[in-house]
Amino acid sequence: MTSLVLSTATRFLLPLMLLFSLFLLLRGHNDPGGGFVGGLVAATGFVLYALAYGVEAAQRVLRVHPRVLIAIGLLCALGSGALACMSGQPFLTGLWSGYEIPVLGKVGTPLVFDVGVYVMVVGVTLLIIFSLAEE
Amino acid sequence: MIDQLFILFVILPVLTAVILFAIGPRSVWQQRASLAVVALLWAFSLYGLVHVLQTGIVVLRMGDWPAPYGIILVADVLSMTMVALTMTIALAVTLFSLPTVDRARQEHFYYPLFFILLMGVNGAFLTGDIFNLFVFFEVLLIASYALMALGSDADQLRETNIYVVLNLIASAVFLLGLAATYRIMGTLNMADLAVKMQAQAENPLLTVLAMVFLFVFGTKAAIFPLYFWLPGPYFPPPAGISAFFGGILTKVGVYAIFRTFTLLFRHDPSFTHELLLALSAATMLFGVLGAISQMDVKRILSYHIISQIGYMILGIGLFTPQALAGALFYIVHHVIVKSALFLISGAVQETTGTTSLKALGGLATRSWFLSALFLVAALSLAGLPPLSGFFSKFIILQAGMHEGRYGYVAIGLLGSFLTLFSMLKIWNGVFWGADRAPTRPAGLRPLLPGVVLLVSLTIGIGLFPSVLYRVVDAAAGQLTDPRVYIEAVLGPQTPGSGILPAERTSQ
């Protein structure tokens, strides 16, 4: 079943949703949002694409296997915690850079952790949905 | 600085799991990296144990948040002994898995799952927070469900089903118990809980909480009357997995009982610990009776786990320093020997295709070495001197005599006698007599390194029991005096804040 309306709308919606997911990710430290929600929104964008164009097309657009995303996400999260370990502080201690970046504000290892969560949520959600859709 | 490295026991397994997951299941590096990481963690766990013995309790504060609020890991002698034990078994199991895990299992992420399991087990031993104990329990359970069902033949799926449902019930009750604890006490940090519980030792709800947690941990540890689930699920999976499950997983439940009933629930030993004693007697007896009625090596071994859990619970029920030391000694001995026996049964299965006593016989004529390994491990399990089983039972039963609990001592002795009987049943059925077992082309030699490691450990402990005794004695010392643990986590406490005396009065 292909729908002209859905597939045309998806072309515009996918980039918009990805952009919105990044917005959620970046504002999430002090405001509602964060890696988990952002990851879900991003994954929803790809799921929409899969509905409109089929699972294979969605996998092509994603470019990497969702499994790789899970691994990258976990490594990011672990790495952000381990950085503190290497500088002699307890695991997961937040390290902050001294100066502020415009728009983002102060950045530090918690952002890296959140990015890890984001990537992993995208990976897990898509792995589950692609597997179910292929059945 | 070295203290911060203790986090490796939790994050190195998960890091390895992630990498093995990402590099693809067909890579040869699955096996090499697994062995390397397990060996590294094993060496570091032994070092960590020595470190904790020398310098005292190591406390890690995640994210540098202070103790009752943040997540903490606490490595005392008990925790590190359990971690070192886990890594020893993990090493033996990995050595055994390399030649025996088939391609299909490896392609379905056997090794990454094993590392997730290790992360959960190590985390459960090290956490200083009862909610995180729940979290790590879930991590290890999810990995264990997958490992148990891997291969998915009908037997496995049926048994895994039972195991999953039962553990889900136990986990739900665990969560309810945690919610109730938080409502009553306002904290879930174990050291903080210990302080607050002793301040209101008269509160009758404490005993209710103790019983809720006893139900949860008793289900995981398979004590009477909650052991009915145990023999089944350990039968169908490959021997490496059975060995790890049989050796370590039930002991996570025992560890949790140890931790909660020495640190938290010490307000009314004449009820709680008396109940533990009664349960231990029933566990010892019914487990071993179940074992003698079985006709399959792996099933006999599974039933024995139950009866031996009884000895450990006996030690905690007696609640004297010597009894606790004896029970810990018993855990170390039991985990090593039980895993060795499971691996031997796996070697029998690999080379003959079966573990049924009726189909086997006369393996002694095929390999005297495997038979000798079995005999040493079996006699050690039954408690014959000079092997490790003798000393562990001796210490516990002597503590029982000191307390004047002759009935329990008698049941313990009867239990070891019946253990010897069922071990000889395996010996007669599998190794003795004319060679009538079927043959499979698998070679025996690659299967042995892990078994040899464990069997030499039981001989070593038997020859030099004082080395291990010093460790478990230090652990028991910390358990009988919770102030040490509390002050390591929360800092110095005001004197006279109501910490109970270390020993329970004998009756």
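Residue numbers start from 1 in every chain, and the chains themselves are labelled A, B, ... in the order their sequence lines are given, proteins ahead of strands.
Note that CG of A/L74 and CG of B/L15 are 9.5 Å apart. Values are rounded to the nearest 0.5 Å. Atom CG in A/L92 sits 11.0 Å away from atom CG in B/L60 (nearest 0.5 Å).
Other residues, nucleotides and ligands contribute more than 12 heavy atoms inside 6.0 Å of the CZ atom of B/R32. Atom CZ of A/F113 has 12 or fewer neighbouring heavy atoms from other residues, nucleotides or ligands inside a 6.0 Å radius. The local environment of CH2 in B/W65 is sparse, with at most 12 non-hydrogen atoms from other residues, nucleotides or ligands closer than 6.0 Å. Annotation: B/I71, atom CD1; neighbour count of heavy atoms from other residues, nucleotides and ligands within 6.0 Å does not exceed 12. For CZ of A/F36, the number of neighbouring non-hydrogen atoms (other residues, nucleotides, ligands) closer than 6.0 Å is 12 at most.
Your options are A/L75, A/L78, A/V68, and the one with the most heavy-atom pairs under 4.5 Å with chain B is A/L78.
When all heavy atoms of B/D64 and A/P90 are compared, the closest pair comes out as OD1-CG, 3.6 Å. Considering all non-hydrogen atoms of both residues, B/Q4 and A/Q89 come closest at OE1-O, 3.9 Å.
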